[in-house]
Amino acid sequence: MTAYLRNSLTYVWAFLVVITVASWFIGRGHGAAYQLDAAITVGVLLIAALKAQLVIRYFMEVRFASRWLKRTAYGWNIALLSLLLLFYWLSL
């Protein structure tokens, strides 16, 4: 059991669970009076990008990959977040 507590993946998994719950609290609606809020949307998208980055780094083992693969994976995450934010901004 102590081997699980010493493993960095356990801490990353616990952090992912915490920020998943946090993004759910941030993004949940307030009944019929729910209105679109840009700050909430951007916050949830940033949390999603952070979660994707952690999954890519720790659970897909990209942290041990070659430099080109790291740059490609991280660049993809940044490009996707940028496109989502751009599309959201254009729809306002």
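Distance alone, capped at 3.5 Å, is enough to place a donor-acceptor pair between the K70 side chain and the R63 backbone.
Cluster membership for F64 and V62, using ILVMFWY side-chain heavy atoms within less than 4.5 angstrom, is not shared. Note on M60 and I78: separate hydrophobic clusters, where clusters join Ile, Leu, Val, Met, Phe, Trp and Tyr whose side-chain heavy atoms are under 4.5 Å apart, directly or indirectly. Follow the hydrophobic side-chain contacts under 4.5 Å out from L9 and you reach V55 in the same cluster.
Between A38 and Y88, the closest heavy-atom pair is CA-OH, 3.3 Å.
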Please list, one pair per line, the donor and acceptor atoms closer than 3.5 Å that link side chains of residues 45-53 to other protein atoms, with sequence neighbours excluded.
residue	atom	partner	partner atom	Å
K51	NZ	T20	OG1	3.0
Q53	OE1	N77	ND2	2.7

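W89 is linked by a side-chain contact (heavy atoms from CB on, under 4.5 Å) to L86, counting only residues two or more places apart in sequence or in another chain.
Note that OH of Y74 is 9.0 Å distant from CG of L69, once rounded to the nearest 0.5 Å. For the atom pair L81 CG and L84 CG, the distance stands at 6.5 Å (nearest 0.5 Å).
Inter-residue side-chain proximity for F59 and W13 is flagged as met; some heavy-atom pair is nearer than 4.5 Å. The shortest distance between side-chain heavy atoms of W76 and L80 falls below 4.5 Å.
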